[in-house]
Amino acid sequence: TGIVTTDVPFESKGSERGWEVLAVAVAVAGLVLRAWAVGTAPPGTSERSTTHPRASQLRTDGLYSTVRHPLYLANGLMGLGIALFPGVWFLPFIVALAALLHYERIAAREEQFLEGQFGESFREWASRVPAILPRLDTYVASATSMSWRKVLRDEFHGLLVIAASVCVLD
């Protein structure tokens, strides 16, 4: 008949917009987790270096009392949210798998460093706190108060990445 049809993942513009809002919410949830972890980080912790790790103390309170790698979880959520946005079913799976493979190697190296640095304290903490899926019943409030200045200085780029990604993908 000469009619070309394409498979669209959404039945209506409303359902498409709802999906996009959900995707952005997932990405922003990751950004909020990053902001919380970075904003409550004591000096000398949560460094960005993967080649020369440093840690003045072992973080075991705040988000680190529920999950050992909240920054990697946050990054994964940000990537997942961006991958969900276009509504292509396989993209979130690819991004989640890539993030898992990428951060697993970094986390293993980081944990090896922390065990060498903090010994039994690290092993005890790691035995009760899961690596990536938070355990909320172990939460202990952070001893360090939130620094919004640090969050704005260090995490503003995350908001720009989410916004730019949404603009490009839309």
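Partners of Glu104 under the side-chain hydrogen bond (donor to acceptor under 3.5 Å, both in side chains) rule, at least two apart in sequence or in another chain, do not exist in this structure. Applying the ring-ring contact (aromatic ring centres under 6.0 Å, His included) test to Trp125 and every residue at least two apart in sequence or in another chain returns Phe122. Looking at residues two or more places apart in sequence or on another chain, you find a side chain to side chain contact (heavy atoms under 4.5 Å, CB included) between Glu20 and Glu16, Arg17, Phe85, Asp170.
With values rounded to the nearest 0.5 angstrom, Glu155 atom CD is found 10.5 Å from Lys150 atom NZ. Summarising the geometry, atom OG1 belonging to Thr60 is positioned 10.0 Å from atom CZ belonging to Phe118; distances are rounded to the nearest 0.5 Å. Annotation: the span from Trp36 atom CH2 to Leu71 atom CG amounts to 12.5 Å, rounded to 0.5 Å. For the atom pair Leu73 CG and Leu63 CG, the distance stands at 9.0 Å (nearest 0.5 Å).
Within 6.0 Å of the CZ atom in Phe156, the count of heavy atoms belonging to other residues, nucleotides or ligands does not exceed 12. For Arg149, the CZ atom counts as loosely surrounded, since its 6.0 Å shell holds 12 or fewer non-hydrogen atoms of other residues, nucleotides or ligands.
Linking Ile, Leu, Val, Met, Phe, Trp and Tyr residues whenever their side-chain heavy atoms come within less than 4.5 Å places Leu33 and Tyr103 in a single cluster.
Side-chain contact between Leu169 and Ile82 is present, with heavy atoms from C-beta onward closer than 4.5 Å. At a threshold of 4.5 Å between non-hydrogen side-chain atoms, the residues Val151 and Ser147 do not count as touching.
In plain terms, the two heavy atoms of Arg135 and Thr138 that are nearest each other are O-OG1, 2.8 Å.
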Pair Glu110-Tyr72, side-chain hydrogen bond (donor to acceptor under 3.5 Å, both in side chains): steps then yes or no: CA-CA 12 Å; Glu110 182 179 284; Tyr72 304 151; 2.7 Å; yes

Worked verdict on Ser142 versus Arg59 for side-chain hydrogen bond (donor to acceptor under 3.5 Å, both in side chains): CA-CA 9 Å; Ser142 179; Arg59 291 189 68 187; 5.1 Å; no

